[in-house]
Participant: 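A single structure is presented below for examination.
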Amino acid sequence: MPELPEVETTLRGLQPHLINRTITSIQIKQPKLRWPVPAEILTLQQATINSLSRRAKYILMYTDQGNMIWHLGMSGSMRLLADQQPGSKHEHIKITLHDGFSLRYIDPRRFGALLYTDSDPLCHKLICDLGPEPLTEEFNTEYLQQKCATRSSPIKTLIMDSHTVVGIGNIYACESLFLSGINPRTKACKISFHRLEKLVNSIKSVLQQAIQLGGTTLQDFTQTDGQPGYFAQKLNVYGNKTACPNCGKPVSRIIQAQRSTFYCTSCQK
DNA sequence: AAAGACACCTGTCCGC
DNA sequence: TGCGGACAGGTGTCTT
């Protein structure tokens, strides 16, 4: 499910409700997520949440006693509800706050994770070697060209690799390649500086617009108040439901790296 | 080092 | 109505 815009939307929804709140209890109803939820999480009962941030698709929660690292996997979402509200079928974790609200982690496929660290989450081994954030200056055409120069893999695979740049999943990879007119199968090292510049700009604008609209809801994703994201209406090629908005020809679907790629064979060369 | 395949899990949809 | 198969927003790890 969640790519960078959905994780950012989740973060922004949580922040005002979690900062400076004290945890009164933590219920782990289903510890079998992508990795087992570590027992140390339970030591955070009575902890006060100091701050929240995002790195790649991870949500980082800093408390006065230790830190949580969350990942939403393919189908995860987080909601804030009154504590007495019953949980849904796939609610795996419930964190109750002193103010009567509780944070619920819902994840039907259980590809997500909750990890614990008492040091800086940015130094965690899953996080420390990641590529730059796409919406920062650090992600620019010179950087991408240097990454592409030695790579024969398709450009779509490369921009989805978190060691190149973080946060771009299947939807936004397809959409940004469409906006920049690049065929997803093109070998990364064969793309000119000018076209990479268009790609960098497309990535930034598509992610920014998606964040503004609260992300993309296809099935599971909801914002923390239960609302869907509205970017689905802006998708040009992903999902293949309509013709190419540019030329009217049918959108093609191919498989790359075991994932569906949607693109227009006449507009993307 | 880099590219590709596979694994993890549940739900939904489509064709027969 | 039921059943099998394909497919779904991610990514670490293993194999080539």
Side-chain angles (χ1 to χ4, degrees), chain A residues 1-11 29-37 54-59 69-78 88-93 105-115 124-131 134 146-177 184-190 203 206-207 210-211 213-223 228-235 237-241 253-262:
Chain A
M1 166 220 64
E3 302 184 36
L4 186 145
E6 292 74 37
V7 179
E8 182 67 24
T9 297
T10 300
L11 174 78
K29 304 179 185 184
Q30 171 56 279
K32 291 183 190 167
L33 301 185
R34 177 159 196 199
W35 295 284
V37 177
R54 179 188 61 73
R55 171 73 174 110
K57 295 173 189 164
Y58 294 94
I59 288 175
I69 300 172
W70 297 84
H71 196 287
L72 303 181
M74 286 277 263
S75 58
S77 59
M78 290 175 136
S88 55
K89 180 173 176 190
H90 296 289
E91 180 183 294
H92 305 313
I93 299 168
Y105 177 73
I106 302 113
D107 186 4
R109 292 178 75 177
R110 290 191 274 127
F111 287 173
L114 169 57
L115 300 173
H124 192 278
K125 77 168 184 188
L126 293 175
I127 295 176
C128 65
D129 291 327
L130 294 173
Q146 180 237 317
K147 278 289 188 185
C148 287
T150 57
R151 302 296 216 90
S152 63
S153 59
I155 186 64
K156 188 210 180 201
T157 312
L158 195 77
I159 60 172
M160 288 183 70
D161 180 347
S162 61
H163 297 281
T164 307
V165 57
V166 301
I168 303 170
N170 207 27
I171 294 177
Y172 301 110
C174 292
E175 292 298 313
S176 54
L177 287 163
R185 302 202 284 197
T186 312
K187 289 183 177 189
C189 58
K190 299 283 185 189
I203 288 170
V206 86
L207 292 176
I211 290 169
L213 293 176
T216 300
T217 295
L218 297 178
Q219 284 182 21
D220 305 290
F221 179 71
T222 66
Q223 305 188 43
Y230 295 102
F231 192 73
Q233 299 155 21
K234 302 279 181 182
L235 298 175
V237 286
Y238 187 87
N240 204 15
K241 296 288 189 285
R253 174 177 173 267
I254 60 171
I255 302 294
Q256 294 181 290
Q258 292 90 237
R259 313 292 299 275
S260 288
T261 297
F262 299 94

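Nothing here was measured: the structure is a model prediction, and the numbers come from that model. Below, each value reflects all heavy atoms present in this structure, side chains not excepted, and no hydrogens, waters or symmetry copies. In what follows, every chain begins at residue 1, and chains take the letters A, B, ... in the order their sequences are listed.
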Participant: When the distance from NE2 of A:His163 to P of B:dA3 is rounded to whole Å, what number comes out?
Facilitator: 13 Å
Participant: Give A:Phe231 one of three labels, base, sugar-phosphate or nothing, depending on what nucleic acid heavy atoms sit under 4.0 Å from its own.
Facilitator: nothing
Participant: So, for A:Phe262 and A:Arg253, which heavy atoms are closest and what is the spacing to 0.1 Å?
Facilitator: CE2-CD, 3.7 Å
Participant: Hey, does A:Arg259 reach any base, or is it just sugar-phosphate, or nothing, if we go heavy atoms under 4.0 Å?
Facilitator: base
Participant: Using a 4.0 Å heavy-atom cut-off, does A:Ser152 contact any base of the nucleic acid, only the sugar-phosphate backbone, or nothing at all?
Facilitator: sugar-phosphate
Participant: Nearest whole angstrom, please: distance from the P of C:dG12 to the CE of A:Met160.
Facilitator: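 So the CE-P distance, A:Met160 to C:dG12, works out to 13 Å.
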Participant: Measure the distance from CD on A:Gln256 to P on C:dG10 and round it to the nearest whole Å.
Facilitator: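 It is 14 Å, rounded to the nearest whole Å.
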Participant: Return the set of residues passing side chain to side chain donor-acceptor pair (under 3.5 Å) with A:Lys29 (not counting sequence neighbours), or none when no residue passes.
Facilitator: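 Scan of A:Lys29 (side chain to side chain donor-acceptor pair (under 3.5 Å), adjacent residues dropped) gives A:Glu91.
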Participant: Do side-chain atoms of A:Arg55 reach the backbone of A:Leu130 as a donor and acceptor pair under 3.5 angstrom?
Facilitator: yes
Participant: Find the distance between CD (A:Gln233) and OG1 (A:Thr216) and round it off to the nearest 0.5 Å.
Facilitator: 10.0 Å
Participant: Mind listing the side-chain donor-acceptor pairs of residues 146-158 of chain A below 3.5 Å, one per line with the distance, residues two or more places apart or on another chain?
Facilitator:
unit_1, atom_1, unit_2, atom_2, d
A:Lys156, NZ, A:Asn170, OD1, 2.5
A:Lys156, NZ, A:Ser260, O, 3.2
A:Lys156, NZ, A:Thr261, OG1, 2.8

Participant: Expressed as a whole number of angstroms, how long is the span from A:Leu33:CG to C:dT11:C1'?
Facilitator: 15 Å
Participant: One pair to check against side chain to side chain contact (heavy atoms under 4.5 Å, CB included): A:Ile106 and A:Thr222. What are the steps and the verdict?
Facilitator: CA-CA 10 Å; A:Ile106 302 113; A:Thr222 66; over 6 Å; no
Participant: B:dA7 P sits how many Å from A:Gln258 CD, rounded?
Facilitator: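 The distance from CD of A:Gln258 to P of B:dA7 comes to 11 Å, rounded to the nearest Å.
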Participant: Tell me the closest heavy-atom pair linking A:Val237 and A:Cys174, and the distance in Å.
Facilitator: CG2-O, 3.9 Å
Participant: Please list, chain by chain and in numerical order, all residues satisfying side-chain contact (heavy atoms from CB on, under 4.5 Å) with A:Pro228, sequence neighbours excluded.
Facilitator: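 In terms of side-chain contact (heavy atoms from CB on, under 4.5 Å), with neighbours along the sequence ignored, A:Pro228 is linked to A:Thr217, A:Tyr230.
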Participant: Atom pairs under 3.5 Å, N or O on each side, protein against nucleotides 3-7 of chain C: can you list them with distances?
Facilitator:
unit_1, atom_1, unit_2, atom_2, d
C:dC7, OP1, A:Arg253, NH2, 3.2

Participant: Using atom CG of A:Asp129 as one end and atom P of B:dA1 as the other, report the distance to the nearest whole Å.
Facilitator: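 That distance rounds to 12 Å.
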Participant: Does A:Ser162 put a side-chain nitrogen or oxygen below 4.0 Å from OP1 or OP2 of C:dG10?
Facilitator: no
Participant: Indicate for each nucleotide in nucleotides 8-14 of chain B, in 5' to 3' sequence, whether protein heavy atoms under 4.0 Å reach the base (B), only the sugar-phosphate (S), or nothing (-).
Facilitator: BBBS---
Participant: Report all interatomic pairs (protein N or O, nucleotide N or O of nucleotides 13-16 of chain C) with separations under 3.5 Å.
Facilitator:
none

Participant: Whole-Å distance between B:dG4 P and A:Lys156 NZ?
Facilitator: 13 Å
Participant: How close or far is atom C1' of C:dG10 from atom CG of A:Leu218, stated in whole angstroms?
Facilitator: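 Distance check: A:Leu218 CG to C:dG10 C1' gives 14 Å.
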Participant: What is the ring orientation for A:Tyr172 with A:Phe231, classed by angle as parallel under 30°, tilted 30 to 60°, or perpendicular over 60°?
Facilitator: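 Ring orientation, 0 to 90° scale: tilted.
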Participant: Write down the distance separating the P atoms in C:dT11 and B:dA1, rounded off to the nearest Å.
Facilitator: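 Pairwise P distance, C:dT11 against B:dA1, rounds to 23 Å.
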Participant: Taking only residues two or more places apart in sequence, or in another chain, which ones meet A:Gln219 in a side-chain contact (heavy atoms from CB on, under 4.5 Å)?
Facilitator: none
Participant: For A:Val7, give me all partners under side-chain contact (heavy atoms from CB on, under 4.5 Å), at least two apart in sequence or on another chain.
Facilitator: A:Pro2, A:Arg54, A:Lys57, A:Ile59, A:Leu72
Participant: What are the two closest heavy atoms between A:Ala113 and A:Trp35, and how far apart are they?
Facilitator: CB-CE3, 3.7 Å
Participant: Treating a pair as Watson-Crick (purine N1 to pyrimidine N3 plus N6-O4 or O6-N4) or G-U wobble (N1-O2 and O6-N3) with both distances under 3.5 Å, list the stems of 3 or more consecutive pairs that involve DNA chain B.
Facilitator: B:2-8 with C:10-16, B:10-16 with C:2-8
Participant: Of all residues at least two apart in sequence or in a different chain, which pass the side chain to side chain donor-acceptor pair (under 3.5 Å) check with A:Tyr105?
Facilitator: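 Applying side chain to side chain donor-acceptor pair (under 3.5 Å) to A:Tyr105 gives A:Asp107.
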Participant: Using the test side-chain contact (heavy atoms from CB on, under 4.5 Å), find all partners of A:Ser176 that sit at least two apart in sequence or belong to another chain.
Facilitator: A:Ile159, A:Leu199, A:Ser202, A:Ile203, A:Val206
